[in-house]
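For this chain, numbers begin at 1 and follow the sequence in order.
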Amino acid sequence: MMKLVYLISTLSLCYPVFSDRDPDCSSKLTPEAELKCKFAKRKRSSSLAERTSIATVINNDISLHVEAMRDENGVGQFHVKALETVTAAIELFAKKSYTVHDITEGVSVIALGLWDCMDMFVPEQTRELEVYKWFKRAWSATFTTLRSLDAAEIEGRIEAFNENGQGHEIAHVVYLCVDSAVDLIDKFVNGTVAEKISPWFMGVRSITKGVAKSWEAFANGEAVKGAEAVYEAIREASDAVLPENLKNNTVYQTITKVLDKQIGKLNEYVMGFKKDLAEESICLRGTWSRTSKLPQICPEDRILHRQCCDTKALGMFIQEWEAGARNELLQFTRETCEKKPDCEHPLQCPFNFDTQRCLAECPEGFREAKSKEFCWQDCPADFPHHAEDGLKCARNTFAITMLNTQRLLLQAELAAQGLNLFNQIANQGLAAAADSMNDVIESGVKFAQTYSFASCEMPEVLPSVEC
C-alpha cells in the first residue's frame, strides 16, 4: 500500500501543471509552468507530429502581437519611443564638452530604448520566460561590446558632427545600434517573424535619416524641403509595416501628428543657432535632392534579407538556448554578408559606400555635390560669384565684401515667410499633413529666425534621375 502511495505521489510530481480539475491551466502558475500546462493539454488532444515546441509558441505569440500593432496607433507609439531614445542619445552626443562617458551613456540609452521598442512586440507572459530574460542579457552584452568594438567609428563620427554639424555623421551612430538590435532579433525569432519585426527597426533608420536630412535643408533656408524630408521618412517607415488598406494620406497624417512634437524637440536641440542675413545682391544657392535607393538585385540562388543576398537560416537563438548554450549566446559575433545586392541602374545611380545606397550622380545644372543628400545649383548667370564657401551666389565681389557689414540692415523675419510656407508645397501628401507638422516647422523657423535670403532662380524644369 505504501508503494502505491509513493507511486501516485511521484506521478503527481511529474505532471504538476495539468489535471482534469484544471483543464484551462487557470491556476496560479509560473510562466514556464503555464506553458508546460498548455503543452500537456495539447499532448492529450493531438498526435506526436502536432505537438508544439516552446520556440514555436514564442514565435507565434510574437507574430500575433506584431500583427495587432499594424495600425496608425501602433506605428505612432513605436516611433515615438524610438525618437525619444534617439533624442536622449543625441543630447549626450551633441555637446560642446562631451566626454567618452557621454558617448558610452548615449549608446546605453539607445540600447535600453530599442529594448523597450522590442518589448512592444512581446506578450507580457512571454517577457517573464527565462529564455526571454536571457535574451535581454544578450542584448545588453551586445551593446556593451559594440561600444568597445566600434569605438573608433562611433567616437570619430560624433567628433565630426560636433565640428561640422553634418547630420549623416550622428545618424550613422544610430544605424550601428539599430543594426546590432536587428542582428539579435534575427537570432531570437524565426525568419518569418524576423521579416515582420525588422521593418519596424529599419523604419527607425529611415526616420533618423529623414530628420538629419531636414537639418541640412532648414540650415539652407529650404523649409519646405526640410518638412518634405521628415514627411517622406515617416511615410517610408510607415509603408513598410502598415497593411495595404491603411496606406493613405489620412493615416500618414495621424502618424505625423503623433511624431511631430518629438521630432520638433529633436530638431530644436540640434538646430540651436541662427542663420546669416541676406541682401538683394546675394541669393541663397538652391539644391537638387539626390534620389537614392537600397540595392536589391541578388543572384537567382540567393534571397534578399536585410540588404544581403543570403542563404542562411535565421532564428537559432532559442534552439541553441534549449540545447544548453548559455554563455555562448552572450558572446557578441558580428554577422558578415558574403554577397551584397547590386544597384538596378549602376551608371546613373552607382552604389555609395557612405550611405550604403544606390545614389544618383549630380546632373547638368547641379554639377557640384553638396553632400550625399543634395547637389548644389550652378550659380545663375546674373549671380556668378560664390559667396560664403559656396552657400550663396553674389552679383559681384563688392557684395561679398559688404555682406558682413550690412547684415544688421537687411534682416528679415523668417517667421513672416513661414505664414505662406505651405503655399509652396507641391507634394499633396505633405500638404495634407501640413497642419500636423507644427513643431517640425517651428523648429526650422527658430533655426533660421532673424534673417532670410532670397533664393537664386532655379531652372524651370528640374532634372529627374531614376534609381
Looking at residues at least two apart in the chain, or sitting in another chain, which of them share a side chain to side chain contact (heavy atoms under 4.5 Å, CB included) with [X]?
| X | result |
| --- | --- |
| Pro463 | Trp288, Pro363, Phe366 |
| Leu92 | Asp102, Glu105, Val109 |
| Cys362 | Arg290, Ala369, Cys375 |

(Q) Does the Lys NZ or Arg CZ of Lys187 fall within the cation-pi geometry relative to Phe135 - under 6.0 Å from the ring centre and within 45° of the axis? (A) no

Residues passing the disulfide bond (SG atoms under 2.5 Å apart) test with Cys177, sequence neighbours excluded, are none

Looking at side-chain heavy atoms only, is the closest gap between Trp200 and Met69 below 4.5 Å? yes

Practice problem: Measure the shortest side-chain to side-chain distance between Thr208 and Val178 over non-hydrogen atoms and say whether it is less than 4.5 angstrom. | Solution: no

Closest non-hydrogen contact found for Glu155 with Ile103 is CG-CD1, 3.7 Å

Would you call Glu195 and Arg306 a salt bridge, taking side-chain N to carboxylate O under 4.0 Å as the test? no

Cationic N near anionic O, under 4.0 Å, Asp239 to Arg235: yes

**Item:** Trp139/Tyr132 aromatic ring centres below 6.0 Å
**Value:** no

Applied to residues 358-367, the side-chain hydrogen bond (donor to acceptor under 3.5 Å, both in side chains) test, sequence neighbours excluded, yields Arg367-Asp378

Quick note, ring pair (Phe, Tyr, Trp, His ring centres under 6.0 Å) partners involving residues 84-109, not counting sequence neighbours, are none

